[in-house]
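The structure under discussion appears below in the form of C-alpha cells.
Proteins get letters first, then strands, A, B, ... in listed order; numbering begins at 1 in each.
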There are 2 protein chains.
Amino acid sequence: MTHAERADLRLTPVRRRVLEILLESHAAMGAYDILARLKADGLGDQPPVVYRALSYLVEHGLAHRIERLNAFVACARPEDAHDPAFMICRTCRSVHESTVATPLDHAARASGFEIERTVIEAEGLCPACQEPAP
Amino acid sequence: MTHAERADLRLTPVRRRVLEILLESHAAMGAYDILARLKADGLGDQPPVVYRALSYLVEHGLAHRIERLNAFVACARPEDAHDPAFMICRTCRSVHESTVATPLDHAARASGFEIERTVIEAEGLCPACQEPAP
DNA sequence: TACGCAGTGATATGTTATAACACTTCTGGG
DNA sequence: CCCAGAAGTGTTATAACATATCACTGCGTA
Ligand SMILES: [Zn+2]
Ligand SMILES: [Zn+2]
Ligand SMILES: [Zn+2]
Ligand SMILES: [Zn+2]
C-alpha cells in the first residue's frame, strides 16, 4: 500500500490540485507560482491556501520542500518515508530525487547531537544543461 | 596564511562589524537581526547594507549561509575553502559546523549530473537542549 | 584633470511565509 | 436527529527575507 492509498489521507480538492500541479511540472515550483495556477482554477488566491496544502503534502510524504530554492517538488517515491536527497540544476531548475545515508551520523554521535532530519541538496548542472563550450 | 589574512581581503567597517556580530553570536542570525545591530552602531540601516556585506563574507569564506534557516553564521574554519556541513539545533538555533564527503558523488556520476556545491544541514537537538522528560 | 572602479547611501519593490480570526463542513456519540 | 469537537477553508493583514536601481564618494592611475 502506498502513501497515496492510505485510508487516512484526506486529499481535498485544493490538496489534490496542488499535488497534480507539482506532478505536472517536473521541476521545483515556488508557492506563489502554484498559487497562481490554483487561482486560475478558481481554487483559492491567498497565500495560506497554498501553504496549508503544501504543508499537508510535505507532512504526508507526497511532496518535499527544497530549502535551497524555497520551493516544492512532488515526491518521486511516496511509497515509503525517507529523508530525500536532491540534485538541482541551477539552469533549468529540474530536480532529481535520490536517497542517501545521513552523512553526519558519526559527527552527531561524537558530539551528542540528536539528528531528526537531514537536508541534502546538491546544486550543479544536469546532463541536458552541460552545453559544449560555445 | 588564513583567508582572513589574505592581502586581497577588503574588510571595510561594515563588513568587519558584520563578521564580529556573527562571531559573537555562536548561532545563526537572520540578516535583519544583524541589520538591527548595525543600525545601533550607526553603520547603516537599510537591507542592502547587510546583504552586501554578507555576500562578501560568504564569497570569501568567512561566513556561511544556512539554507534551512535563511540565516548566516561565521565560518568555524576560514583557513581553507570547504563545503560546510551543519548540525542545527531546532530549539536554541545553535549551529555546529563540520565537514563531510559529498554523499551524492556516486549518484551524480551515475546520472551524468555535475555537482558544484552540496548543502548538508542536519536538524535536531543539541546536547544542551536534550531535556530529560519533564 | 579625467577616468574607472569599489564601496556606500537611499528608495523602492519583489518574494516568501505566517498570524489571527471567522466561518463551514464533516464526523462520531448521545 | 442533534450536538460538539475536529478538520478544513476564506480572508485580512503583516512579518520576514531579498534584490533592483540609481546616485554619490573616495581613491588609484593614466
Ligand atoms: Zn521523496
Ligand atoms: Zn538543467
Ligand atoms: Zn566553514
Ligand atoms: Zn540547542
Worksheet item: For B/M29, which of B/I66, B/V50, B/I34 qualifies under side-chain contact (heavy atoms from CB on, under 4.5 Å)?
Response: B/I34

Discussion item. Whether A/R65 contacts C/dA17 is assessed here as follows: a side-chain N or O lying under 4.0 Å from the phosphate OP1 or OP2. Is that the case?
Written reply: yes

Discussion item. Just the rounded figure in Å: distance from C1' of C/dT16 to CZ of B/R68.
Written reply: 14 Å

Fill in: Within residues 42-55 of chain A or reaching into it, pairs that qualify as side-chain hydrogen bond (donor to acceptor under 3.5 Å, both in side chains) - sequence neighbours excluded
none

Discussion item. Does C/dA6 have OP1 or OP2 under 4.0 Å away from a side-chain N or O of B/T12?
Written reply: no

Worksheet item: Atom NE2 of A/H60 and atom P of D/dA7: how far apart are they, to the nearest Å?
Response: 11 Å

Practice prompt. Check whether any side-chain N or O of B/N70 sits under 4.0 Å from OP1 or OP2 of D/dA16, and answer yes or no.
Written response: no

Practice prompt. For nucleotides 18-27 of chain C, just jot down a letter per nucleotide in 5' to 3' order: B, S or -, based on protein non-hydrogen atoms under 4.0 Å.
Written response: BB--------

Practice prompt. Quickly work out the B/Q46 CD to D/dA16 P distance and round it to whole Å.
Written response: 17 Å

Item to complete: Using atom OH of A/Y56 as one end and atom C1' of D/dG8 as the other, report the distance to the nearest whole Å.
Response: 11 Å

Practice prompt. Could you pick out which residue, A/G30 or B/D45, lies toward the 5' side of DNA chain C when each is mapped onto its nearest nucleotide?
Written response: B/D45

Discussion item. Applying salt bridge (Lys or Arg N to Asp or Glu O under 4.0 Å) as the test, list every pair that has at least one member in residues 14-32 of chain B; sequence neighbours left out.
Written reply: B/R17-B/E20, B/R17-B/E24, B/R17-B/D41, B/E24-B/R37

Donor-acceptor pairs under 3.5 Å, side chain of residues 112-120 of chain A to any protein atom, not counting sequence neighbours: which ones?
{"unit_1": "A/E116", "atom_1": "OE1", "unit_2": "B/R90", "atom_2": "NE", "d": "2.7"}
{"unit_1": "A/E116", "atom_1": "OE2", "unit_2": "B/R90", "atom_2": "NE", "d": "3.3"}
{"unit_1": "A/E116", "atom_1": "OE2", "unit_2": "B/R90", "atom_2": "NH2", "d": "2.8"}
{"unit_1": "A/R117", "atom_1": "NH2", "unit_2": "A/E67", "atom_2": "OE2", "d": "3.2"}

Worksheet item: In Å, rounded to the nearest 0.5 Å, how long is the span from CE of A/M87 to SG of A/C126?
Response: 10.5 Å

Worksheet item: B/L69 has an atom CG; how far is it from atom C1' of D/dA18, in whole Å?
Response: 16 Å

Worksheet item: Where along residues 35-43 of chain B does a heavy atom come under 4.0 Å from DNA chain D, residue by residue in number order?
Response: none

Worksheet item: Does any non-hydrogen side-chain atom of A/H64 lie less than 4.5 Å from one of A/H82?
Response: yes

Fill in: Any pair counted as salt bridge (Lys or Arg N to Asp or Glu O under 4.0 Å), so long as it reaches residues 95-109 of chain B, sequence neighbours left out
none

Item to complete: Return the value, rounded to whole Å, for the distance between atom CD1 of B/I66 and atom P of D/dC17.
Response: 14 Å

Worksheet item: Any sub-3.5 Å donor-acceptor pair from A/Q130's side-chain atoms to A/L125's backbone N or O?
Response: yes

Fill in: Length of the line joining A/L11:CG and D/dA7:C1', which is rounded to integer Å
15 Å

Worksheet item: Just how far is it from atom CD of B/E123 to atom OG1 of B/T91, taken to the nearest 0.5 Å?
Response: 9.5 Å

